[in-house]
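Quick note on labels: first sequence line is chain A, next is B, and so on, each numbered from 1.
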There are 2 protein chains.
Amino acid sequence: MSNVTIKDLAKLSGVSLATVSRVINQKGYVSQELSAKVLRAVEETGYRPNQAARSLVQRRTDSIGVIVHNLHDPFFYDLLRGFEQAAAEISYNVLFASVLGGDTKSKEKYLQYLSGGVVDAVVMYGSYMSDEEMLRCASPSSSVDYMLIENDIQGFKCNKLLINNVQGAYSAVEYLMGKGHTDIAHICGNPNKKVTIDRLNGYLAAMRDKGLEVQDGYLQQLSADYRNGYARMKSLLALKNRPTAVFCSDDAIASYAVRAALDAGLRVPEDISIMGFDFQTNLPERYRGPDLTTVKQPLYQIGFDSITLLAGQLKKGRFDQPERKVYDTQIVEQETVCGPCR
Amino acid sequence: MSNVTIKDLAKLSGVSLATVSRVINQKGYVSQELSAKVLRAVEETGYRPNQAARSLVQRRTDSIGVIVHNLHDPFFYDLLRGFEQAAAEISYNVLFASVLGGDTKSKEKYLQYLSGGVVDAVVMYGSYMSDEEMLRCASPSSSVDYMLIENDIQGFKCNKLLINNVQGAYSAVEYLMGKGHTDIAHICGNPNKKVTIDRLNGYLAAMRDKGLEVQDGYLQQLSADYRNGYARMKSLLALKNRPTAVFCSDDAIASYAVRAALDAGLRVPEDISIMGFDFQTNLPERYRGPDLTTVKQPLYQIGFDSITLLAGQLKKGRFDQPERKVYDTQIVEQETVCGPCR
DNA sequence: ATCCCATAAGTAAACGTTTACACAAGAAAT
DNA sequence: ATTTCTTGTGTAAACGTTTACTTATGGGAT
């Protein structure tokens with residue numbers, strides 16, 4: 001019963017291999033009579049085509065692979081919805097691979113595996129890989145098409161979807177200024193990551209452009225993880241020239257900053273405004289403060305576009321003009337920002 | 001540069017196909033000399049083995065597929081972590097396929113596709129499929145191994161991991177009784193789903209066993225979706241014989257029940273205790289009430305076990321003894337239950 | 001009557017691997 | 001001196017499809 005092949009079907013229905021194939025793929029000419037015979041055989045045997053053989057000769061799989069780390073992280077909510085929606089609208093199968101944390105070994109494994117023709121295209125979010133590692137696993141000139149999200153790796157010529165973190169931070173500061181703030185501090189994240197640096201630069205550029213001074217102690221660098229945002233906020237609150245607004249490098253940090261302010265007996269946002277940036281890494285503890293005013297990344301759109309663009313390129317057959325798009329962010333007004341009460 | 005094959009490598013390094021294969025798979029005898037030559041050719045060409053050809057002849061892919069609906073749903077948090085952790089510990093690749101909502105068409109598509117030898121085993125969560133649909137896509141006697149989670153479909157002989165919803169609901173009632181409650185109501189969910197019916201039966205059985213009466217109006221049936229939990233709770237509160245505790249069919253319902261109680265000016269849990277059941281379907285609105293006391297499903301364990309069990313069976317080669325496990329739940333004491341204040 | 005085209009069906013060659021088998025040479029054991 | 005074992009290499013047959021090519025038949029247009 002197991003592993004029925006096209007050959008069995010041919011024997012069973014008394015036709016040739018080619019005819020069976022034609023019936024199954026509804027392609028080419030075949031008479032009603034033989035067609036019926038073959039279909040009956042398919043029914044009887046529970047035949048299911050072998051995808052390996054099929055894709056070996058067709059040199060395509062009609063599938064797209066997606067590699068991310070920590071698929072379970074709520075951060076991926078919107079991105080995943082984008083992937084899923086796009087997947088539902090196209091005829092390609094979309095398969096996800098997830099690796100834990102910074103497990104680059106596994107990431108390489110999956111990238112190599114998928115690049116071996118398991119899928120026709122691969123989209124990859126982030127990646128802690130270096131250019132060389134990347135090239136070792138995937139060849140940009142191979143027959144599989146690549147799409148990188150939030151990863152502007154240089155040596156690898158392929159499709160790229162990026163988020164304008166500089167503009168995002170810049171607009172956050174503008175927004176705070178629009179509310180009347182001038183004493184604006186920044187808690188910046190891990191200074192070895194490009195996102196962090198971009199957001200820091202956006203903050204600095206906006207301050208400079210608008211003629212605002214980054215006062216003494218206004219630049220707080222996170223040590224360890226986001227929980228340290230609590231301590232950093234405490235430092236800011238202890239300043240003589242206490243800021244009236246704090247822009248944080250991401251929402252996780254911001255949530256701890258809010259907690260610190262509330263614990264210090266301040267009201268948020270009346271006494272101090274706090275702003276985050278849409279990067280909700282998974283918080284083990286439930287956040288109970290006011291909803292964060294934040295800078296939102298268009299992750300749904302990016303997820304959707306990544307799949308859709310790839311599908312388009314695959315359909316055309318040749319993908320020599322890699323796409324490169326930079327997405328702007330948007331401010332979401334919620335409960336942690338208001339004008340300064342002075 | 002694209003699509004280098006083993007043949008190219010053989011030509012380039014002046015050896016036979018077999019030798020190249022042996023070098024690449026580090027299998028069989030091959031001299032240092034030739035090995036070096038081949039490896040150099042691999043390096044130069046950026047060769048990557050074609051997985052389709054490989055799995056065609058080996059009749060295995062060393063991968064396991066997972067099909068779920070709404071992968072983005074936070075409900076899957078623990079389940080996904082279980083899958084991921086197991087995936088990281090075994091040598092198999094794990095690939096996820098996600099379909100939107102109740103899109104059985106897509107689910108069938110993926111099941112058929114994966115069953116065509118794209119993976120060696122498939123785990124499937126839930127499923128709105130009937131026996132016949134299931135059989136149409138996947139043959140239990142095929143060479144791919146199946147694992148069903150929370151789906152006790154009858155006509156399909158394969159591995160099954162189930163949750164003891166009856167026991168879960170039963171223990172919830174016992175827990176409430178232990179706190180001193182006797183007037184315990186139940187808001188039950190969609191009565192066409194097996195989960196709901198099981199939980200209802202658990203509630204009823206516990207009440208009967210302990211000699212408690214299900215008083216007039218104590219059984220509330222949800223109409224429409226979980227938001228209706230608000231109205232159902234209102235109905236309970238309007239009763240002359242108002243219950244002191246309410247057990248809800250799932251957490252989503254419970255969260256609306258809590259809101260209704262709070263809106264009615266009652267304190268939770270001092271005035272009324274409310275219990276949920278771990279099924280956190282995605283709530284668009286943020287829940288701000290006290291943390292729910294609830295019945296927790298061992299989803300992490302189930303995710304982990306599903307992959308691990310399959311990997312074990314695959315390694316053994318023959319999977320004729322399907323596994324069937326029923327998991328008990330556990331009560332998580334949080335903030336919505338205390339003794340009755342009478 | 002001839003030619004061409006649409007329909008129908010079969011034969012056989014790919015696709016890129018792995019692997020069973022054959023063969024050889026040298027070393028070790030009889 | 002013969003056998004046996006280990007190491008090393010190559011040849012060719014799979015694996016299950018798709019598809020280019022070939023052949024045949026019956027009609028419609030010339």
Report the distance from atom CG of B:L39 to atom OG of B:S35, rounding to the nearest 0.5 Å.
-> 4.5 Å
Report the end-to-end axis angle of the helix from C:dA1-D:dT30 to C:dA29-D:dT2; each axis comes from five terminal pairs, and the value is rounded to 10°.
-> 40°
Whole Å only: how far is the CZ atom of B:R54 from the P atom of D:dG16?
-> 18 Å
Find the distance B:R22:CZ to D:dT7:P and express it as a whole number of Å.
-> 14 Å
Which is true for B:T19 with a 4.0 Å heavy-atom rule: it touches a base, it touches only sugar-phosphate, or it touches nothing?
-> sugar-phosphate
Between the protein and nucleotides 12-15 of chain D, are there any N/O to N/O pairs under 3.5 Å, and if so, what are the atom names and distances?
unit_1	atom_1	unit_2	atom_2	d
D:dC15	O3'	B:R59	NH2	3.1

Between A:R324 and A:D152, is the closest basic N to carboxylate O distance under 4.0 Å?
-> yes
Between B:R81 and B:D78, is the closest basic N to carboxylate O distance under 4.0 Å?
-> yes
Determine yes or no for a side-chain-to-main-chain donor-acceptor pair under 3.5 angstrom, with A:D120 supplying the side chain and A:D62 the backbone.
-> yes
Hey, does the side chain of B:T19 reach the backbone of B:V15 with a donor-acceptor pair shorter than 3.5 angstrom?
-> no
What are the residues of residues 25-40 of chain A, sorted by number, that bring a heavy atom to within less than 4.0 Å of DNA chain D?
-> A:N25, A:K27
Just by distance, with hydrogens left out, do A:E89 and A:Q85 show a side-chain donor and acceptor under 3.5 Å apart?
-> yes
Ring centres under 6.0 angstrom apart (A:F76, A:Y125) | yes
Is the distance between the ring centroids of B:F156 and B:Y146 less than 6.0 Å?
-> yes
